[in-house]
Each structure stands twice: as structure tokens, then as C-alpha cells.
Chemist: 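Provided herewith is a single structure, encoded as C-alpha cells, for subsequent inquiry.
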Amino acid sequence: MRPTNALLVFAALLVAGAAHAQVVLPGDDIQASGVSYIVYTEPGAPTVEITVVGEGVRSGIYRLQEGTTLTQLVALSGGVPTSEEGERQIVTSFIRVLREQGGVRNVIYEATTEQAIREPGSHPPFRDGDLVELDITYEEVRPPVRFIDVVNTVSRVASIVSVALLIFTRVDRL
């Protein structure tokens, strides 16, 4: 058993969280449950094995055919969540590719998801052991003030002032 496979299985088990079918990793006697193991390759084609982690995506271990693009990987992992108009949130998502070099994982590629999709030639080719991190941030956005909201507020204030004047006028007469 290769130590990198054991570490990848352990990391994916920690990250995945959701229960999936039991998996036997190819070429090893490792069995893993509660982990996603996705294979995206033609039979017999050279492959690389990477780990995908992130919020709102299918975290797990991915065995990909060499030459698979970052855009294809994002699609395989479930894409990046977007906000609905009613949620009034702006979603910013970043993609990072980390590669082990000298016992340390270094960021070798970082971009917003939009940049990564628009500039497919800028992605580095995947290598065994790469880690792809999808990071999503949410920012609350205040809704714009509409004319009807102003009219409703002025109407309520005018009603309260009218009632107060009516009460004070009646109190003065007593």
C-alpha cells in the first residue's frame, strides 16, 4: 500500500462525511466506506488520482484520465453552488490546486471559478496526489429600497402622527 493512498483515504473520510458505498481502491487492499471515489477515465488510459475538498461539492478521491481539465473536474464534483435571487447573497468561489513539493503542499494555481472557466489554458495539468480545494464565500447584500417601501413607511408614520394628534387634541379639551 502506498502511503499517499492511505493519507488520501483518511483525508477523504474526514472531509466527505456523507455515507457512500464501500470502495476498494484499485491496486491496493484498502477498503473505505463513507467516502466518494469517482472514476472518470476510459479503460486502460493513463490516470492520476487527486482529492477534491470543499463546501457544496462532492468531496472525495477522483481517479481522472490524464488531460482532464479543471473545468471538467468542477462539473464532476457537482459544480459550484449559486445563490437564488431571493437569498440576496453574492457567491464568490475560488479554486486552488495544491501540490506536494518537499513534504509540503503548496498552492500552484488559484483563481475564481469564473476565471478558471474562462481561461482553461491557465490550469496546470493534474498530477497524482494533487488536492483541489473549492472555497465559497457568501456575502449578505441589503435589498434595494423600492418606492412602494417608502410609501408604506410614510403612510404608517402619518397614521401614527394622526392618532397622536387626535389624542392630544381630545386631552386638551378635557
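Just so it is clear, the model here is predicted, and its values are computed rather than measured.
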Chemist: Could you walk me through whether Leu64 and Leu73 pass the side chain to side chain contact (heavy atoms under 4.5 Å, CB included) test, one step at a time?
Modeler: CA-CA 9 Å; Leu64 306 172; Leu73 178 63; 4.1 Å; yes
Chemist: Run the side-chain hydrogen bond (donor to acceptor under 3.5 Å, both in side chains) test against Gln101 and tell me which residues pass, sequence neighbours left out.
Modeler: Asn106
Chemist: If I compare all heavy atoms of Glu66 with all of Val48, which pair ends up nearest, and what's the gap?
Modeler: CG-CG1, 4.0 Å
Chemist: Hey, mind stepping through Phe126 and Thr69 against side chain to side chain contact (heavy atoms under 4.5 Å, CB included) and telling me if it holds?
Modeler: CA-CA 8 Å; Phe126 292 120; Thr69 66; over 6 Å; no
Chemist: Return yes if a side-chain donor-acceptor contact under 3.5 Å exists between Tyr40 and Arg63, otherwise no.
Modeler: no
Chemist: Verify side chain to side chain contact (heavy atoms under 4.5 Å, CB included) between Leu76 and Tyr62, making sure each step is shown before the conclusion.
Modeler: CA-CA 9 Å; Leu76 283 170; Tyr62 286 72; 4.1 Å; yes
Chemist: Scan for ring pair (Phe, Tyr, Trp, His ring centres under 6.0 Å) pairs involving residues 100-123, sequence neighbours excluded, and state none if there are none.
Modeler: Tyr109-His123
Chemist: Identify, with sequence neighbours excluded, every residue that meets side-chain hydrogen bond (donor to acceptor under 3.5 Å, both in side chains) alongside Arg118.
Modeler: Glu114
Chemist: Is a side-chain donor or acceptor of Asp130 paired with a backbone partner of Ile50 at a separation under 3.5 angstrom?
Modeler: no
Chemist: Transitively linked via ILVMFWY side-chain contacts under 4.5 Å: Leu134 with Ile117?
Modeler: no
Chemist: Got a sec, which residues hit side-chain hydrogen bond (donor to acceptor under 3.5 Å, both in side chains) with Glu119, two or more places apart in sequence or on another chain?
Modeler: none
Chemist: Hey, quick one: are Ile108 and Ile95 part of the same hydrophobic cluster, counting side-chain heavy atoms closer than 4.5 Å, chains of contacts allowed?
Modeler: yes
Chemist: Tell me every residue that passes salt bridge (Lys or Arg N to Asp or Glu O under 4.0 Å) with Arg96, counting only those two or more places apart in sequence or in another chain.
Modeler: Glu110, Glu133, Asp135
Chemist: So which of Thr51, Val74, Val52 actually passes side-chain contact (heavy atoms from CB on, under 4.5 Å) with Val132?
Modeler: Val52
Chemist: Side-chain donor-acceptor pairs under 3.5 Å in residues 149-158, sequence neighbours left out?
Modeler:
from	atom 1	to	atom 2	distance (Å)
Asp149	OD1	Arg146	NH2	3.2
Asp149	OD2	Arg146	N	3.4
Asp149	OD2	Arg146	NE	3.3
Asn152	ND2	Ile148	O	3.3
Thr153	OG1	Asp149	O	2.9

Chemist: Using 0.5 Å steps for rounding, measure from the CZ atom of Arg105 to the CG atom of Leu98.
Modeler: 7.0 Å
Chemist: Could you tell me which non-hydrogen atom of Ala111 sits nearest to which non-hydrogen atom of Ala116, and how far apart they are?
Modeler: CB-N, 4.3 Å
Chemist: Are Leu131 and Phe94 connected in the hydrophobic side-chain network, where two residues link if heavy atoms are under 4.5 Å apart?
Modeler: no
